[in-house]
Structures are given as C-alpha cells and as structure tokens.
Amino acid sequence: QVQLVESGGGLVQAGGSLRLSCTASGNIFVLNAVDWYRQAPGEQRQLVAKITTRNTTNYADSVKGRFTISKGNAKNTVDLQMNSLKPEDTGVYYCAAEILGRPAYWGQGTHVTVSS
C-alpha cells in the first residue's frame, strides 16, 4: 500500500504562484512515476504533469512553460511549482502514484482557486 498526501493549495490571483507538494509513504519502491492531475468543476480529471523514477518529466500543453514538477527536498515528496497562474488552472489537484504505467494510488486532493 502507498499513501499520498497533498498540500499547498489555496487562493491566488491570476499571474501568481503556488507550490503543491505530494508526500508518499508506505511501499513506495513499487512506484514507477508520480503524477499531478487536475479536476476543474464539471470536468473530468486531467493529467497535468508526471515525473518518473528516472526524473523524466511530461506536461500537459496547457501548463508547459508555467508549471514544473520535481522531486522535493523533503524525503519522498514530489512538488509542483505553478507560476503565471490563470483562472482556468482552478480545480482540485490530485497526486497519483503509478504502477506499471497506470495510476494505482491517489491522494485526497488539494483545492486551487485562481481569481481573475
């Protein structure tokens, strides 16, 4: 089992920045990658960014150049630095841990609201 806890959400004005953190515990050695997903109100959950155990990263086109995913300084954490935030970035952000290329574990989510 793997447990994921997100933190760092909040309210920010457009153009501002937030940093989200995902802390993993449990049997983390089985994981292949950690993802950040976003679910906007009334929409499906979408992949925002991914980082693999080899530090390969991928981003959704809508966040390229503004968001950066990285392994955090704290042990077993993955951070999502979000800059130049837009109102359309509003949503619940979920951390997910992959096994064999698919999300197997999810965090509880953290709310991000970007005001215009």
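- In this structure, Asn32 CG and Thr53 OG1 are separated by 6.5 Å, a value rounded to the nearest 0.5 Å.
- Contact of the Arg66 side chain with the Met82 side chain is not registered, since no non-hydrogen atoms from C-beta on lie closer than 4.5 Å.
- For Glu6 (side chain) and Gly109 (main-chain N/O), a donor-acceptor pair under 3.5 Å exists by modelled atom type.
- You'll find the side chain of Arg38 reaches within 4.5 Å of the side chain of Ser62, heavy atoms only.
- Shown are Ser21, Cys95, Cys22; of these, the side-chain contact (heavy atoms from CB on, under 4.5 Å) with Ser7 is made only by Ser21.
- Tyr105 is not connected to Val92 by any chain of hydrophobic side-chain contacts under 4.5 Å among Ile, Leu, Val, Met, Phe, Trp and Tyr, and they are in different clusters.
- When the options Tyr94, Tyr93, Trp106 are evaluated for a ring pair (Phe, Tyr, Trp, His ring centres under 6.0 Å) with Tyr37, the one that passes is Trp106.
- Note: the hydrophobic cluster containing Trp36 does not contain Leu4 (ILVMFWY, side chain heavy atoms under 4.5 Å, direct or indirect links).
- Taking the side chain as every heavy atom from C-beta outward, Asp35 and Pro103 approach each other to under 4.5 Å.
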Please test Leu31 against Ile99 for side chain to side chain contact (heavy atoms under 4.5 Å, CB included), starting from the C-alpha separation and ending with a verdict.
CA-CA 5 Å; Leu31 304 181; Ile99 296 178; 4.1 Å; yes
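- Atom CD of residue Gln3 and atom CD of residue Gln108 lie 12.0 Å apart, to the nearest 0.5 angstrom.
- Taking a cutoff of 4.0 Å between a charged side-chain nitrogen and a carboxylate oxygen, Lys64 and Asp61 qualify as a salt bridge.
- In Glu88, the CD atom is crowded: over 12 heavy atoms of neighbouring residues, nucleotides or ligands sit closer than 6.0 Å.
- Val34 is connected to Val112 through a chain of hydrophobic side-chain contacts under 4.5 Å among Ile, Leu, Val, Met, Phe, Trp and Tyr, so both are in one cluster.
- The backbone N or O of Val114 lies less than 3.5 Å from a partner atom in the side chain of Thr90, making a donor-acceptor pair.
- One distance of note links OG of Ser116 with NZ of Lys86; it measures 14.0 Å at 0.5 Å rounding.
- Here the NZ atom belonging to Lys50 is positioned 10.0 Å from the OG1 atom belonging to Thr56, to the nearest 0.5 angstrom.
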Derivation of the side chain to side chain donor-acceptor pair (under 3.5 Å) call for Gln81 and Asp79
CA-CA 6 Å; Gln81 177 66 41; Asp79 295 337; over 6 Å; no
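- Thr57 pairs by the side chain to side chain contact (heavy atoms under 4.5 Å, CB included) definition with Ile51, Tyr59, Ile69, not counting sequence neighbours.
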